[in-house]
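Keep in mind that the numbers below use all heavy atoms, side chains included, and drop hydrogens, waters and symmetry copies. Chain identifiers are assigned alphabetically (A, B, ...) following the order of the sequence lines, protein sequences preceding nucleic acid strands; residue numbering begins at 1 within each chain.
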Amino acid sequence: MAGIKLRQVTKKYGSINVLNSINLDVADGEFLTLVGPSGCGKSTMLRIIAGLETQSTGDVEIDGTSVNDVRPSLRDLAMVFQSYALYPHLTVQQNLMTPLRLRDLDFWERLPLLGYLVPGRRAKMAKITEEVRTVAAVLKIEHLLNRKPGHLSGGQRQRVALGRAMVRNPAAFLMDEPLSNLDASLRVHMRAELSELHRELQSTFIYVTHDQAEALTMSDRIAVMMDGDLLQLGTPDEVYKNPNDIRVAEFIGSPKMNILPGVADPNGQVTCLGFVLDQSLEGTAQRPEQGPVSVGLRPEHLTLRPDDTEGCFSGKLTYKENLGSDVFLHLETEGFEQRVVLRVKPHEANFAKLGQNIFYSAEPGKMILFGADGKRVGLTTQQSNGKPD
Amino acid sequence: MRKSRAHYWFIGPAVALMILLLIMPVFVAATLSMTDYSLGNSSFNWVGIENYEKLFSRRSYQKMFSASLTYVLLVVPISVALGLGSALLISSLRFGGEMYKAVFFLPVMATLLAMAIVWEFALNPIVGVVNDVLRSGCDKSLVYGLLSGSWLGYEPTTSWYGAACIKKFPLWLGDKQYALGTIAFIGIWQGFGFNMVLYLAGLTSVPRELYHAAHMDGADSAWERFKLVTWPMLGPTNVFVITISSIRSFQVFDTVEALTGGGPSKSTYVMVYAMFEKGVKQNLLGIGSAITIVFLAFVLILTLVQVYFVNRRVHY
């Protein structure tokens with residue numbers, strides 16, 4: 001078990017910056033998820049931690065010691081790959097044994113045939129076999145031990161890949177999108193299993209995914225990455241409720257946050273789609289945010305209104321997305337090309353017909369404001385302008 | 001419902017051509033191998049298996065089999081090993097790989113007959129550049145010391161090079177000790193670039209992630225990773241390369257025809273050359289056909305071994 005630290009880590013391929021000075025502290029035993037769209041540098045970062053790639057500048061520390069010049073196998077980390085990367089010519093048992101054979105047997109003991117003559121090999125092999133059996137029992141893959149990866153289903157391969165990572169009892173697990181090759185229902189199931197496994201092993205997990213749902217459901221903390229920058233690091237709740245950047249706000253949450261155009265006046269009042277909002281900019285003195293701003297509203301923070309009362313937005317219903325437990329209403333607003341999405345209960349949405357004009361309002365105090373540069377701007381609630389609660 | 005007969009029209013032309021161009025000639029050869037037919041004769045006599053008896057009893061045909069097999073056993077392992085080695089080295093290069101690929105592949109593209117003539121000049125015992133270079137090393141102590149082994153404390157005159165310096169350098173193609181080896185050398189030089197290209201293609205299909213997994217699992221040396229990932233993943237390529245090289249080496253003909261004509265004293269009398277000599281030059285179609293049938297049997301065995309035994313073990 002170990003904590004992992006990244007200090008000012010950058011990575012360049014030629015003139016392209018893949019990682020811009022990343023600082024990250026992963027606590028011992030933590031489940032940390034690196035999440036971001038493809039190409040944001042999250043997998044590169046994982047491979048730098050693993051030692052499969054070297055950073056251009058900066059330090060990687062494991063358990064307080066710098067591992068910049070330590071080869072991957074000596075960093076005591078295990079990795080689970082997206083494609084599982086099982087050795088196709090070896091049986092499941094041999095696959096699970098490989099890391100132990102390479103660690104515990106010396107060159108002579110690994111030789112085919114001749115190796116059997118080396119004294120002490122039998123005892124070592126017995127120990128390795130025992131450890132493999134234990135891990136196989138934990139993952140419930142004992143009945144697969146004699147099969148080859150080609151004869152396993154996706155979920156079974158996933159377990160074997162996990163097992164190969166577990167047998168060495170590493171200081172930390174690195175996982176590179178391990179669930180993305182599974183079908184939807186199995187993926188949801190494996191999320192729960194991975195979380196349980198993490199609780200049982202009490203080991204550090206660093207998990208890379210582009211799926212924000214995986215990040216929200218499994219992690220202790222999430223690190224949102226975009227274009228080589230670490231934008232926000234926090235618990236799933238923090239990142240969801242208080243995104244500090246418009247890119248984080250749009251990436252985390254499904255359906256994604258509605259971003260409406262607004263204008264801030266010198267008094268801190270924000271006008272959005274022709275309405276003055278019930279919250280205004282924090283502070284009174286300097287207002288650099290004066291001018292265009294973006295107003296973020298989560299779909300679940302918009303409520304339907306029966307008619308056009310004061311402080312209501314409106315839009316034409318273009319699409320109704322029925323998920324059974326919830327209904328997403330997609331609304332088109334005049335003079336604004338992005339659709340607004342509302343999340344409502346099915347019985348509330350019964351009346352709504354396609355093409356109809358729908359009225360809705362924002363729950364007070366739930367809006368999130370971003371300045372022209374995409375950074376979060378603080379808001380305070382006022383009494384005067386909004387509708388009464 | 002009436003059954004459509006369109007499928008006959010689709011496969012018909014291919015089947016007809018295959019029978020006409022591939023299967024019929026084999027049957028004709030098999031039939032001729034039981035006769036004493038010569039081209040131009042109006043009739044022939046059935047001789048049964050007499051031609052085959054000759055093949056397996058006469059001294060010159062025993063030499064033929066031994067020359068062909070020796071050639072295959074020399075060329076296949078060496079050209080496969082060189083092909084794999086050069087492919088591994090080239091794929092590990094950061095730049096310059098394209099140049100090496102082109103250089104090693106050139107002999108494959110060149111006409112072997114033209115290349116054979118160049119080799120004939122190079123290997124000429126008197127004016128050839130090979131012996132010239134070797135000879136010029138005899139009076140240079142550095143080269144002499146290295147090649148004759150005198151630096152390692154051996155008596156220089158007992159080594160091959162030391163003895164050759166005193167007496168003379170080999171006649172290469174004119175010496176029955178060296179002729180087959182020299183022909184095999186040209187075969188390797190010409191053929192390994194082809195194997196290299198096949199291996200390069202095989203190497204690109206090995207998933208990168210497997211190497212990463214091997215790194216993580218502790219396969220620290222290149223040799224460990226080769227054993228754990230590269231070699232098993234190249235299995236199908238290996239089978240293909242070995243089969244193709246074996247068949248190609250059984251078929252060696254142009255270098256023999258151009259350089260030695262089967263000699264000296266039948267030391268390079270390989271099967272396809274024998275076929276040509278008996279069937280075409282001496283117009284003994286019966287015995288020529290018999291050699292052809294035996295040759296086909298060899299190739300068939302190789303192919304069957306590939307399909308039935310090896311292929312099953314390398315596809316996971």
Side-chain angles (χ1 to χ4, degrees), chain A residues 43 46-47 49-53 70-92 94-107 110-112 147-152 160-161 163-165 167-168 170 172-178 181, chain B residues 77 80-81 84 87-88 91-98 198-199 201-243 306-316:
Chain A
S43 287
L46 195 72
R47 285 206 297 275
I49 296 174
L52 296 170
E53 277 180 52
V70 179
R71 47 167 87 238
S73 58
L74 300 178
R75 295 190 181 191
D76 198 19
L77 306 171
M79 193 152 169
V80 179
F81 296 88
Q82 182 177 2
S83 65
Y84 315 134
L86 300 172
Y87 307 114
H89 58 292
L90 301 179
T91 63
V92 169
Q94 290 165 327
N95 262 289
L96 296 181
M97 282 163 86
T98 302
L100 296 176
R101 276 170 53 91
L102 286 166
R103 186 189 65 185
D104 295 341
L105 302 187
D106 61 28
F107 176 80
R110 283 201 301 270
L111 284 181
R147 292 211 220 158
K148 288 195 172 166
H151 301 139
L152 302 180
V160 177
R164 190 177 60 181
V167 281
R168 274 199 313 166
F173 288 85
L174 310 177
M175 307 202 175
D176 192 1
E177 311 216 9
N181 282 1
Chain B
V80 168
L84 177 59
L88 287 172
S91 66
S92 72
L93 283 180
R94 234 171 255 197
F95 45 84
E98 298 305 317
L198 293 175
Y199 275 121
L203 283 174
T204 55
S205 69
V206 181
R208 292 284 108 200
E209 284 200 331
L210 276 183
Y211 287 109
H212 290 164
H215 270 292
M216 297 302 294
D217 285 346
D220 290 331
S221 65
W223 169 243
E224 289 289 351
R225 287 192 295 278
F226 178 79
K227 250 184 9 181
L228 186 62
V229 179
T230 315
W231 182 251
M233 296 306 287
L234 282 179
T237 316
N238 276 328
V239 174
F240 183 69
V241 168
I242 291 170
T243 314
Q306 182 206 353
V307 171
Y308 285 102
F309 296 102
V310 193
N311 255 0
R312 287 189 191 168
R313 305 174 120 246
V314 295
H315 290 287
Y316 310 109

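Enclosure of atom CZ in B:F226 by more than 12 non-hydrogen atoms of other residues, nucleotides or ligands within 6.0 angstrom is indicated.
If you measure heavy-atom distances from A:L86 to chain B, the contacts under 4.5 Å come from the backbone alone. Residue contact with chain B, scored on non-hydrogen atoms closer than 4.5 Å, involves the backbone and the side chain of A:A50 alike. Looking at A:R168, the atoms closer than 4.5 Å to chain B (heavy atoms on both sides) all sit in the side chain, from C-beta outward. Contacts between A:L77 and chain B at a heavy-atom distance below 4.5 Å involve backbone atoms as well as side-chain atoms.
Residues A:S73 and A:R103 have side chains not in contact (no heavy-atom distance under 4.5 Å, counting atoms from C-beta outward). Taking the side chain as every heavy atom from C-beta outward, A:T91 and A:N95 never approach each other to under 4.5 Å. Between B:L234 and B:L84 the shortest side-chain heavy-atom distance falls below 4.5 Å.
Legend: residues meeting salt bridge (Lys or Arg N to Asp or Glu O under 4.0 Å) with A:R47, ordered by chain and number and at least two apart, are A:E53. Taking B:Y199 as the reference, nothing meets the ring-ring contact (aromatic ring centres under 6.0 Å, His included) condition, with sequence neighbours excluded.
Both cation-pi conditions hold for A:R164 and A:Y87: the charged atom is under 6.0 angstrom from the six-membered ring centre and inside a 45 degree cone around its axis.
Contact residues of residues 204-212 of chain B toward chain A are B:E209, B:L210, B:H212 (heavy-atom distance under 4.5 Å). The stretch residues 215-222 of chain B places B:H215, B:M216, B:D217, B:G218, B:A219, B:D220 near chain A, each with some heavy atom under 4.5 Å from a heavy atom of that chain.
Scanning all heavy atoms of the two residues, the minimum distance from A:Q94 to A:T98 falls at O-OG1, 2.7 Å.
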Quiz prompt | Trace of the side chain to side chain contact (heavy atoms under 4.5 Å, CB included) decision for B:R225 with B:T230 | solution = CA-CA 7 Å; B:R225 287 192 295 278; B:T230 315; 5.5 Å; no
Quiz item: side chain to side chain contact (heavy atoms under 4.5 Å, CB included) between A:L174 and A:V80: does it pass, once the steps are laid out?
Solution: CA-CA 6 Å; A:L174 310 177; A:V80 179; over 6 Å; no
Quiz item: How far apart are the C-alpha atoms of A:L102 and B:L228, what are their side-chain angles, what is the distance that settles it, and do they pass the side chain to side chain contact (heavy atoms under 4.5 Å, CB included) test?
Solution: CA-CA 10 Å; A:L102 286 166; B:L228 186 62; 4.3 Å; yes
